[in-house]
Amino acid sequence: YPKAFIYDLDGIITDTAEFHFLAWQKLADEIGIPIDRKFNEQLKGINRMDSLDRILKLGTSGRVLSDSEKMTLATRKNEYYLELIESINPSHILPGIELLLQKNKQQHIKIALGSASNNAPAILDKLQLTGYFDYIVDASKVKKGKPDPETFTTAAAALGVAPDECVGIEDAAAGVESINSAGMFSVAVGDVHHLAAADYLVEDTAQLIFEDIIAHYGKR
Ligand code: BG6
Ligand code: MG
Ligand code: MG
């Protein structure tokens with residue numbers, strides 16, 4: 001068995017990936033740089049400021065924004081996002097997730113969160129899942145966001161587990177890259193077009209079956 005499971009939050013534990021998209025889309029519309037779901041795949045897993053930079057790069061107006069102008073836009077996006085997550089509750093835990101956490105606990109496998117989000121601890125609390133986690137990596141814990149491995153290596157180090165004994169679970173291409181470059185076994189949820197680099201890919205979280213993950217981990 002692996003000794004630790006490290007979970008992404010947005011799009012894995014709960015569907016806040018959709019809320020991040022809707023909030024960025026609202027902001028992007030307001031500044032005249034419309035974005036679509038295809039472009040959004042490039043924002044998944046990417047921290048707030050880097051996401052804003054990617055959107056601004058799409059714009060053709062050319063003027064470079066100051067840091068304080070960017071901060072204002074990023075804060076506005078977060079306000080839209082906070083409105084969307086206000087009413088999150090345990091019914092918003094994605095299928096299969098709580099059972100997987102329970103199986104981890106039964107097998108004495110350590111559990112960490114590896115999220116790029118500043119809002120991660122508050123969301124885990126709203127979902128009433130905080131108690132499962134031995135360690136939480138959020139945006140405040142890392143210098144380099146995904147796809148850099150730091151998010152996942154920080155979690156493993158805090159748990160005292162070697163990277164090759166960790167399973168990382170992600171819905172974002174940047175996240176899979178982060179797990180892979182950390183030297184961990186990567187499990188991805190979603191579309192093969194974006195996630196082909198994963199060691200094991202499933203279509204949705206209901207297919208995150210503990211025994212199946214273990215079987216694929218054993219064959220790595
Ligand atoms: C990641 C999401 O988990 O967190 C990204 O996949 C998001 O979409 C990033 O931009 C940062 O989140 P926050 O809550 O700090 O703005
Ligand atoms: Mg995600
Ligand atoms: Mg995340």
Side-chain angles (χ1 to χ4, degrees), residues 5-28 35-58 70-86 88 92-94 96-97 100 112-127 129 133 136-152 154-155 167-180 184 186-191 194-195 197-198 201-205 208:
F5 270 48
I6 306 172
Y7 293 78
D8 175 44
L9 175 70
D10 298 312
I12 291 295
I13 290 177
T14 187
D15 201 12
T16 36
E18 179 68 10
F19 294 154
H20 279 296
F21 170 61
L22 294 173
W24 279 127
Q25 192 177 47
K26 184 170 179 184
L27 182 87
I35 60 168
D36 60 16
R37 282 179 190 279
K38 185 163 183 286
F39 175 76
N40 185 56
E41 288 300 324
Q42 296 175 45
L43 299 183
K44 285 187 180 174
I46 303 299
N47 71 33
R48 195 182 302 168
M49 272 304 167
D50 290 351
S51 297
L52 177 62
D53 281 337
R54 287 183 187 209
I55 292 168
L56 292 174
K57 255 194 207 163
L58 278 181
K70 284 198 215 172
M71 192 64 79
T72 301
L73 293 177
T75 301
R76 204 202 296 173
K77 180 270 176 178
N78 193 52
E79 285 163 5
Y80 298 153
Y81 180 68
L82 290 175
E83 279 169 33
L84 291 166
I85 63 170
E86 195 176 47
I88 279 187
H92 295 88
I93 300 168
L94 283 169
I97 294 298
L100 191 57
L113 192 78
S115 175
S117 173
N118 291 279
N119 294 295
I123 292 172
L124 275 192
D125 277 350
K126 283 174 184 279
L127 298 172
L129 291 177
F133 286 82
I136 292 172
V137 175
D138 62 15
S140 72
K141 296 275 201 318
V142 294
K143 289 199 190 72
K144 295 184 201 156
K146 302 167 188 178
D148 188 277
E150 189 181 348
T151 299
F152 287 89
T154 300
V167 169
I169 307 181
E170 264 289 348
D171 69 320
V176 169
E177 194 180 329
S178 177
I179 296 168
N180 289 348
M184 300 177 184
S186 55
V187 177
V189 178
D191 188 332
H194 307 110
L195 302 170
L201 174 68
V202 298
E203 282 175 13
D204 58 66
T205 61
L208 289 173

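Ligands are counted one by one from 1 in listed order, and the atoms in each one are counted from 1 as well. The chain is numbered in sequence order, starting from 1. Source: prediction; values computed, not measured.
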Any donor-acceptor N/O pair, N40 side chain to L43 backbone, under 3.5 Å: no

For ligand 1, which atoms sit closer than 4.0 Å to a heavy atom of N119? 13 (P), 14 (O)

Have a look at D171 and say which of its N, O or S atoms is nearest the Mg ion (ligand 2). OD1

Answer side chain, backbone, both or neither: which part of N118 comes under 4.0 Å from ligand 1, heavy atoms only. both

Please verify whether a non-hydrogen atom of I46 lies at under 4.0 Å from ligand 1. yes

Find the distance between OG1 (T75) and CG (L27) and round it off to the nearest 0.5 Å. 10.5 Å

Tell me which N, O or S atom of D10 sits nearest to the Mg ion (ligand 2). O

State whether D8 contributes an N/O/S atom found under 2.8 Å from the Mg ion (ligand 2). yes

Examine distances only and state if a side-chain atom of S178 and a backbone atom of D148 form a donor-acceptor pair shorter than 3.5 Å. yes

Taken in chain and number order and not counting sequence neighbours, the residues that satisfy side-chain hydrogen bond (donor to acceptor under 3.5 Å, both in side chains) with K126 are none

Those residues that, when tested against A173, pass side-chain contact (heavy atoms from CB on, under 4.5 Å) (two or more places apart): none

Is it true that a side-chain atom of E170 and a backbone atom of D8 form a donor plus acceptor pair closer than 3.5 Å? no

For S51, which part has a heavy atom under 4.0 Å from ligand 1: side chain, backbone, both, or neither? side chain

Between N180 (side chain) and A197 (backbone), is there a donor-acceptor pair under 3.5 Å? yes

N or O pair under 3.5 Å between R48 and ligand 1: yes

Under 3.5 Å between some N or O of ligand 1 and some N or O of N78? no

Under a 3.5 Å distance rule, please check whether R48 uses its side chain to pair with a backbone N or O of N78 as donor and acceptor. no

Counting heavy atoms only, which of G45, S115, S117 is nearest atom 4 (O) of ligand 1? S117

Under 3.5 Å, N or O to N or O, is D10 touching ligand 1 that way? yes

